[in-house]
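What follows is a single structure, written as structure tokens, with notes after it.
Note: hydrogens, waters and symmetry copies are ignored here, and every other heavy atom, side chains too, is used. Each residue takes its place number in the sequence, starting with 1. Whatever order the structure lists ligands and atoms in, that order sets their numbers, starting from 1. All figures in this text were calculated on a predicted structure; none of them were measured in a lab.
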Amino acid sequence: MEVCYQLPVLPLDRPVPQHVLSRRGAISFSSSSALFGCPNPRQLSPRRGAISYDSSDQTALYIRMLANSEIEVSVSARNVRRLLSFQRYLRSSRFFRGITVPNSSNILDDDYNGQAKCMLEKVGNWNFDIFLFDRLTNGNSLVSLTFHLFNLHGLIEHFQLDTMKLRRFLVMVQEDYHSQNPYHNAVHAADVTQAMHCYLKEPKLSESLTPWDVLLSLIAAATHDLDHPGVNQPFLIKTNHYLATLYKNTSVLENHHWRSAVGLLRESGLFAHMSLENRQLMESQIGDLILATDISQQNEYLSMFRSHLDRGDLCLENANHRHFILQMALKCADICNPCRTWELSKQWSEKVTEEFFHQGDIEKKYHLGVSPLCDRQTETIANIQIGFMTYLVEPLFGEWARFSNTRLSQTMLGHLGLNKASWKGVQREQSGSADDVDPTFEEMDSDILPQEPRLS
Ligand SMILES: [Zn+2]
């Protein structure tokens, strides 16, 4: 079965979110299964203009891009699938084929079992175990946690949100993460959202943030990696993926996460009762937050942050300054894994390395050139983690602690130091030397051209 959908004419000056396209008759984007299921990843995107599914068996689904001339689709199939994102299409197709998927996303507050409920009472603790919470909620950690936080922060009441629409929105968000990704899945999104909540509670922030700021922060955290394909930007660029072309090889993934989030916001109608002006402002500001998570832009944000701290001119009564701090907070939340306890941090390290190596395996198989950090023959978890901590995490959290010198910041730096020492111990056992620091992250940073400081 091969089904294709034509992309409509884009009426906006910016690329339209895939989910918005799906409302108009186009279906959305590639996935990691798409990338890895195709006989040759280079064949994924030779042309633009349509995306197709090919299901040669019940488990292997992949997407290929075809020329418009090849597009033929039955009306009935289109009727069913046009409204669905790729992730939801997978689920619905299983449903229509009578395959029961043991997954419940219709969890309600009353359905939490005792332990999950107990955990939510401590949702602001830095040692919150998101893996355990995900198991206790039957894989619904992102929905359960984010709904709880909306309630806890009084956002439902303040913005007069329809709880059914909110839940529907969160379920769509959770389902559009790829559960087959070892790292970039809904549990990572839930973990980042929980970390963001911890930062929002920090005195400097909680004293000055408005409900609007909190709302944007939680939505951005929950959606910041939406529909992540499980491969990085260089992979998308070298395989000529349509997203790389669409976003001109710049913050390709982050732009896609943002557009996907906007699509779901519009589709859910969660803020349909707000003015168009406010909804547009919300979409734009969520974009600023999500785009800040592009790790290749770290130097730019960090130098801006450092300059402000040196000058002591951050004024959180100023909305632009608050917004900048929320960008920094989301950046911290996104890469806070090494600042968690060793038990949690180690699991994240293993998961992200598994995803890197999976990409490397594909690159080797199709002679695409193995990306840095992705070669399982030459890299180790310890080397990757030590480089990551040295060049990215330590500088960022060092500045964050200057801004917010609290017990939480000290706790995070404490874990960071201990975890680095643990990985150095592992490295020593493996190589007999503890002085190897993978320079890849430093090289990545040095690729970034200096840019004028700006508040965005
Ligand atoms: Zn992330």
(request) Please say which of Asn337, Asp225, Thr193 ends up in a side-chain hydrogen bond (donor to acceptor under 3.5 Å, both in side chains) with His188. (result) Asp225
(request) Please find the N/O/S atom of Asp334 nearest to the Zn ion (ligand 1) and write down its name. (result) OD1
(request) Output yes if His188 passes the N/O/S-under-2.8 Å test against the Zn ion (ligand 1); output no otherwise. (result) yes
(message) Could you check, using the six-membered ring where one of them is a Trp, whether His184 and His178 have ring centers closer than 6.0 angstrom?
(response) no
(request) Indicate yes or no: does Glu399 engage Arg402 in a salt bridge with an N to O separation below 4.0 Å. (result) yes
(request) Considering only NZ, NE, NH1 and NH2 on the basic side and carboxylate oxygens on the acidic side, decide whether Arg168 and Asp162 come within less than 4.0 Å. (result) no
(message) Counting backbone and side-chain atoms alike, is an N, O or S atom of His184 positioned under 2.8 Å from the Zn ion (ligand 1)?
(response) no
(message) If you round to 10 degrees, what value do you get for the angle at the Zn ion (ligand 1) between His224 atom NE2 and Asp225 atom OD2?
(response) 90°
